[in-house]
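Read the structure below first, then the notes.
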Amino acid sequence: MESEIGTLYIVATPIGNLEDITLRALRTLKEVDYVLCEDTRTTQNLLNKYDIKTKTMSYHAHSTENKENVIINLLKSGKDLALVSDAGTPTISDPGVMLVANVKKEFGTDVKVVPIPGPSALITALSASGISSAEFIFLGFLPHKKGRETLFKEISKSKRVIVFYESTHRIMKTLSSLIEHAPTFKIVIGRELTKQFEEFVEGTPEQVLTYFTVNDDKHRGEFVVIVEPK
Ligand code: SAM
């Protein structure tokens, strides 16, 4: 008799504080046959903390079609798999979208792809920003070069709250672009959320840039930028 197709769980993991993980996520990570990780070392820290002994396997942005075939064959042979990323919800500005799409393409409605919800940096930032999230646009990471200028022009005309991810390397450049294109807008930045040096910085783009210029050590880390049209 053919074995039943395994289940692919999409498991959200902490964005900093390792206590931010659900009971269901922990049980799933414990019960599956393999955990597919963006970086096995990062996920191993989490698994060690909760004494989870499940085998890990890497799956990341540069994984080949061959790796996806290995994963599809594991599901075919009835293995249950959990996909995790380094932080937050997999597939949200993170690897895994193609895997989920290809698994669904391969098995159609015969496969169960089960989300195990938990942290995501954008929702974490919005929740404590004091900015209405009834309606917002999420841009993920902004383009580095092509289309960047056009996007800032679009942001300047937006009537909706806009949220995006930013890195240490580009935060100051992005604030400068906001000063140029949207000087009156309100900015809230969530930095190092759930970590030791978590902070929220708010003001006009110029005020926020000044804050990070004066506090030179504070434009390092991970950032969620929330832009409210004013
Ligand atoms: N999938 C993740 C999620 O659900 O939030 C996002 C992954 S994306 C590759 C990483 C970006 O998310 C970082 O560059 C930063 O902009 C944001 N981010 C992740 N963790 C964060 C944290 N603890 N504080 C602030 N921003 C964070």
Side-chain angles (χ1 to χ4, degrees), residues 8-22 24-25 28-29 35-43 45-46 49 58-63 82-101 113-131 133 136-144 148 151-152 155 161-175 177-178 187-202 205 208-209 211-212 215 217-227:
L8 176 62
Y9 296 91
I10 311 299
V11 182
T13 58
I15 58 167
N17 188 324
L18 292 188
E19 291 181 4
D20 293 333
I21 186 152
T22 68
R24 189 171 172 224
T28 303
L29 293 172
V35 182
L36 309 175
C37 315
E38 184 179 4
D39 181 334
T40 51
R41 284 164 306 178
T42 305
T43 301
N45 284 338
L46 177 71
K49 178 171 170 69
S58 78
Y59 177 80
H60 45 70
H62 307 291
S63 285
L83 175 72
V84 299
S85 62
D86 283 353
T89 303
T91 80
I92 307 298
S93 296
D94 255 346
V97 187
M98 284 316 294
L99 178 66
V100 173
V113 179
V114 178
I116 309 287
S120 186
L122 79 118
I123 302 298
T124 306
L126 269 173
S127 71
S129 68
I131 287 184
S133 53
F136 66 90
I137 296 172
F138 175 56
L139 298 178
F141 287 104
L142 305 184
H144 296 178
R148 194 177 158 91
L151 192 60
F152 276 106
I155 289 175
V161 168
I162 290 174
V163 184
F164 57 89
Y165 287 156
E166 197 47 280
S167 73
T168 299
H169 312 294
R170 258 174 294 275
I171 187 71
M172 300 302 263
K173 191 174 162 216
T174 291
L175 287 169
S177 301
L178 287 169
I187 309 294
V188 177
I189 292 195
R191 180 177 89 93
E192 293 291 89
L193 298 168
T194 79
K195 302 185 196 176
Q196 190 182 0
F197 298 108
E198 172 183 276
E199 65 174 340
F200 284 86
V201 183
E202 65 173 72
V208 175
L209 182 77
Y211 174 83
F212 284 126
N215 301 281
D217 54 325
K218 300 214 171 168
H219 54 84
R220 280 183 268 281
E222 298 192 283
F223 303 83
V224 179
V225 183
I226 304 171
V227 180

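Counting convention: from 1, in listed order, for ligands and their atoms alike.
Using a 4.0 Å cut-off to heavy atoms of S93, the atoms of ligand 1 that qualify are 7 (C), 8 (S), 9 (C). Near F223, with a cut-off below 4.0 Å to any heavy atom, the atoms of ligand 1 are 15 (C), 16 (O), 25 (C), 26 (N). The distance from ligand 1 to the heavy atoms of K195 drops below 4.0 Å at these ligand atoms: 23 (N). In the vicinity of G88, heavy-atom distances shorter than 4.0 Å reach the ligand 1 atoms 3 (C), 4 (O).
Of the candidates L122, D86, I92, it is I92 that places a heavy atom closest to atom 6 (C) of ligand 1. The option with the heavy atom closest to atom 26 (N) of ligand 1, from among I189, V224, T168, is V224. Taking all heavy atoms of S120, A12, P119, P95 into account, the minimum distance to atom 4 (O) of ligand 1 is reached by S120.
Rounded to the nearest 0.5 angstrom, D39 CG and D86 CG are separated by 5.0 Å. Atoms CG and CG, on L99 and L36 in that order, are 6.5 Å from each other to the nearest 0.5 Å. Here E222 contributes atom CD and L193 contributes atom CG; the two are 9.0 Å apart, rounded to the nearest 0.5 Å. Note: H60 NE2 to T40 OG1 = 8.5 Å, rounded to the nearest 0.5 Å.
In this structure, G16 does not count as a contact residue of ligand 1, since none of its heavy atoms falls inside 4.0 Å of the ligand. Using a 4.0 angstrom heavy-atom cutoff, T194 does not count as in contact with ligand 1. At least one heavy atom of G190 sits closer than 4.0 Å to an atom of ligand 1. Proximity of F141 to ligand 1 is established by a heavy-atom distance of less than 4.0 Å.
The one candidate from E192, E198, E199 that meets the salt bridge (Lys or Arg N to Asp or Glu O under 4.0 Å) condition with K218 is E199. Between I226 and the options I189, I187, V188, a side-chain contact (heavy atoms from CB on, under 4.5 Å) holds for only V188.
Atom CZ of F197 has 12 or fewer neighbouring heavy atoms from other residues, nucleotides or ligands inside a 6.0 Å radius.
The minimum heavy-atom distance between P119 and P14, with the atom names listed, is CG-CA, 4.0 Å. Of all heavy-atom pairs spanning F223 and S167, the tightest one is CD1-C, 4.1 Å. Residue L122 comes nearest to Y165 through the heavy atom pair N-OH, 3.2 Å, listed as atom of the first residue, atom of the second, then distance. The shortest non-hydrogen separation linking N17 to T194 is N-OG1, 3.0 Å.
Only the backbone of A87 comes within 4.0 Å of ligand 1, judged by heavy-atom distances. If you look at T89 next to ligand 1, the close heavy atoms, those under 4.0 Å, come from the backbone and the side chain alike.
For ligand 1, the polar-atom distance check against E166 finds a nitrogen or oxygen pair separated by under 3.5 Å.
Nearest protein neighbour of atom 25 (C) of ligand 1, counting heavy atoms only, is E222 O, 3.2 Å. At the shortest separation from atom 18 (N) of ligand 1 among protein heavy atoms lies A121 CB, 3.5 Å. Ranking the protein heavy atoms by distance from atom 17 (C) of ligand 1 puts Y165 CD2, 3.7 Å first. Among protein heavy atoms, atom 7 (C) of ligand 1 sits closest to D94 OD2, 3.4 Å. Closest to atom 24 (N) of ligand 1, if we only count protein heavy atoms, is L193 N, 2.9 Å.
At a cut-off of 3.5 Å, with distance as the only test, no side-chain donor of S58 or R41 sits close to an acceptor on the other residue.
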